[in-house]
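Everything numeric in this text was worked out from a predicted model, so none of it was measured.
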Amino acid sequence: MKEMISGSDALIQSLICEGVDMVFGYPGGSIMPVYDRLFDYQDRLKHILVRHEQGATHAAQGYARVTGHTGVVIVTSGPAATNVITGISDALMDSTPMVVVTGQVATPFLGFDAFQETDVVGITQPITKWSYQIRRAEDVAWAVARAFYIASTGRPGPVVLDITKDAQVGMTEFDYKKCSYIRSYNPMPEIREEDVRRVADMINESERPMILSGHGVMISGAESELAELAEKSDIPVAVTLLGLSTMPSDHPLYKGMLGMHGNIGPNINTNRADLIVAVGMRFDDRITGNVKTYAKNAKIVHIDIDASEFDKNILTDATIHGDARLALLRLLPLIGPRKRPQWLEMFDTPEQIEREKVIEHELHPDGQKMTMGEVVAKVSEATGHKSIVVTDVGQNQMLTARYSRFAEPRSIVTSGGLGTMGFGLPAAIGAKMGCPERTVCFFTGDGGLQMTIQELGTIMEYGTAVKIILLNNNFLGNVRQWQALFFNGRFSQTPLVNPDFIMIANAYGIKAENVETRDKLDEAIHRMLDYDGPYLLNVNIDETDMVFPMTPAGSNVDFVMLNSTDVYPID
């Protein structure tokens, strides 16, 4: 007869069987039996005590993004369960594998508004790949195995397991079996040969193709195959925000980032291309602008593991339903070698104008006040472009994306689809814990930092050597920019009265310094990077600094503002 163990032991041992070595969480009444048993597994399963349950989810996301493993969160019921909703939504939007375990009141109390009871399954079903309530100890191992299989396969995403208190204390025989099949769930579709051949013919016949590389390339580990395809047929590559680092920034075929604040070349040439090959991306509205005028001269090829994305936003001419890396591997032998000098030259003029009219002004401003872009560029240069770059959301995010350079894959962690302010600090903690050997540079604004600033306590407790670059303009900068451009400069509720961030950091035992003038910046950056531990640079930024180029929401993708008055091209 097999050994009888509690449901709490079964949960912990199931996580260990799935290869989990780190979880992020916060204890409470309805999950206390699990935390009691965690005490005896400290040598096999490291628990990171965050300061807020939302922080646990974002930390798990950061961990998952840089490692490719499933992030795990454990919290209690009621308000703890509702506090993880933002992180779960964020993980779904950005295809991040995560298993969230929430405690729940005992089965007899379900539906009677017991203390800290919340309908977790009802709340989370729309924002998860699977949400399930465990009411019996004997179902724990089965549910965990199923959860990890669903979260990590196909298009990754979050799963919620809501475990009642009686399921945690009940006894069961433990016999863990990993899940590898669920009827009606096909996470790895078989790629059809006819689809591959059709796409190969379209690439071979095209004159002006462009590859759009998204997060799916990173998820599938298809970076080398992407570069090989581009090089074989001389195809320019542009990336989405979450596709950054899927191609080295110094590659001659890399043409920059797409979208609202992307580079001019790929945005303008979207409407000049005769073929768009989208790999592992979803044609988000920030990429397409006005869908009615998007890429009207191009045939559209969409390669994605999630067929629901096909024709959702942009109608396609051909699709390959499958894993990005496997699809590219199938395509490569069918692609003929090609040179496209005239097509590639069409990126030169936009790049030159962007350098002169935008980049030069951001990196070498006339005024005495510093800009976000110049700070980001200097940090990127000082790290050899090899750090993991984590951002919060807002101007800091867009300018970090624009002025960071990437030499290695899996080097960007940011909130894309949901755009969650407060994401960055806990995500940076998770990223550093997932890849302790890599430098993690976290860029944030003063608004976003204060949304999860309590996670400085997590850094204090574990000594997590995150390098925090606070781009401080005393404003909600992104909203301010829109107010300046589109709301007649009426800065309603965007100026911030900020605390002394140096004193706050020091209170948490984190070394910190102010950088008030440009002549002090380089030395401060090197002190931060050379310091063996967490560090905060509070850099005073020009509050009028804006993110350009800009394609306003709903505009045509080739309508590009160079600044507050000029639109590309300039006569």
Side-chain angles (χ1 to χ4, degrees), residues 1-49 53 56-57 60 63-64 69-78 80-81 84 88 97-110 116-117 120-121 124 128-153 158-182 185:
M1 185 176 175
K2 294 184 178 68
E3 179 187 6
M4 298 290 289
I5 63 174
S6 70
S8 296
D9 277 297
L11 174 66
I12 297 166
Q13 291 188 31
S14 296
L15 295 177
I16 293 171
C17 288
E18 287 290 343
V20 177
D21 58 5
M22 182 178 295
V23 300
F24 303 87
Y26 204 95
S30 290
I31 198 68
M32 206 172 295
V34 170
Y35 273 85
D36 178 66
R37 298 307 304 137
L38 267 173
F39 193 84
D40 292 332
Y41 291 88
Q42 296 177 68
D43 59 335
R44 301 170 65 186
L45 187 62
K46 185 172 184 178
H47 180 278
I48 304 301
L49 178 64
E53 292 89 355
T57 57
Y63 175 92
H69 302 148
T70 301
V72 180
V73 173
I74 303 177
V75 299
T76 191
S77 63
V84 299
I88 294 170
M98 184 165 68
V99 172
V100 178
V101 179
T102 59
Q104 185 55 276
V105 300
T107 302
F109 296 102
L110 291 172
Q116 292 192 335
E117 181 193 359
V120 174
V121 172
T124 60
T128 56
K129 290 186 72 177
W130 184 51
S131 186
Y132 181 76
Q133 188 172 80
I134 305 172
R135 299 186 179 187
R136 305 186 309 164
E138 52 263 44
D139 295 333
V140 169
W142 169 87
V144 171
R146 190 180 178 97
F148 274 82
Y149 179 61
I150 293 172
S152 63
T153 57
V159 169
V160 167
L161 295 178
D162 188 47
I163 181 168
T164 63
K165 203 164 185 179
D166 46 328
Q168 298 172 48
V169 299
M171 304 300 288
T172 183
E173 293 182 357
F174 183 73
D175 182 19
Y176 195 77
K177 295 183 177 67
K178 283 196 174 187
C179 180
S180 60
Y181 171 78
I182 298 174
Y185 174 60

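Remark: Glu3 CD to Met171 CE distance equals 8.0 Å, nearest 0.5 Å. The distance from the CZ atom of Phe174 to the CD atom of Glu138 is 14.0 Å, given to the nearest 0.5 Å. Rounding to the nearest 0.5 Å places CD of Gln133 at 11.0 Å from CG of Leu161. Summarising the geometry, atom CD1 belonging to Ile74 is positioned 7.0 Å from atom CD1 belonging to Ile12; distances are rounded to the nearest 0.5 Å. The line from OG1 of Thr76 to CD of Gln116 is 6.0 Å long, rounded to the nearest 0.5 Å. We find the CH2-CD1 distance between Trp130 and Ile182 to be 7.0 Å, quoted to the nearest 0.5 Å.
Identified under the salt bridge (Lys or Arg N to Asp or Glu O under 4.0 Å) test for residues 25-39, with sequence neighbours left out: Asp9-Arg37, Arg37-Asp40.
For the pair Glu117/Leu110, a side-chain contact is recorded, criterion being any heavy-atom separation below 4.5 Å from C-beta on. The shortest side-chain heavy-atom distance between Phe148 and Pro97 does not fall under the 4.5 Å cut-off. Looking at heavy atoms from C-beta onward, Met4 lies in side-chain contact with Glu173 at the 4.5 angstrom threshold. Residues Val121 and Val160 fail the side-chain proximity criterion, which asks for heavy atoms closer than 4.5 Å.
By the side-chain hydrogen bond (donor to acceptor under 3.5 Å, both in side chains) test, Gln168 pairs with no residue at all, sequence neighbours left out. The side-chain hydrogen bond (donor to acceptor under 3.5 Å, both in side chains) search around Thr124 returns Ser131, not counting sequence neighbours. Partners of Asp139 by side-chain hydrogen bond (donor to acceptor under 3.5 Å, both in side chains), not counting sequence neighbours, listed by chain and number: Arg136. Looking at residues two or more places apart in sequence or on another chain, you find a ring-ring contact (aromatic ring centres under 6.0 Å, His included) between His47 and Tyr35. For Asp43, there are no salt bridge (Lys or Arg N to Asp or Glu O under 4.0 Å) partners at least two apart in sequence or on another chain. Evaluation of the side-chain hydrogen bond (donor to acceptor under 3.5 Å, both in side chains) rule for Thr153 yields Tyr185 as partners, not counting sequence neighbours. Every residue two or more places apart in sequence or in another chain that forms a side-chain contact (heavy atoms from CB on, under 4.5 Å) with Ala151 is listed here: Thr70, Val99, Val159. In terms of the salt bridge (Lys or Arg N to Asp or Glu O under 4.0 Å) criterion, Arg44 has no residue partners (sequence neighbours excluded).
Summarising the geometry of Thr102 relative to Ala81, their closest heavy-atom pair is CG2-CB, 4.2 Å, with the distance given to 0.1 Å. When all heavy atoms of Ala137 and Thr172 are compared, the pair lying nearest together is O-CG2, 3.6 Å. In this structure, Ser14 and Ala141 approach most closely via the heavy-atom pair OG-CA, 3.6 Å.
A donor-acceptor pair under 3.5 Å links the side-chain atoms of Thr164 to the main chain of Ile134, judged by distance alone. Formation of a donor-acceptor pair under 3.5 Å by the Asp166 side chain with backbone atoms of Thr107 is found in this model.
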Can you give the donor-acceptor pairs under 3.5 Å from side chains of residues 17-34 to other protein atoms, not counting sequence neighbours?
unit_1	atom_1	unit_2	atom_2	d
Glu18	OE2	Tyr176	OH	2.6
Asp21	OD1	Tyr63	OH	3.1
Ser30	OG	Ser77	OG	3.1

Report task. Report the C-alpha distance between Val101 and Leu11 in whole Å, list the side-chain angles of each, state the deciding distance to 0.1 Å, and finish with yes or no for side chain to side chain contact (heavy atoms under 4.5 Å, CB included). Result -> CA-CA 9 Å; Val101 179; Leu11 174 66; 4.0 Å; yes

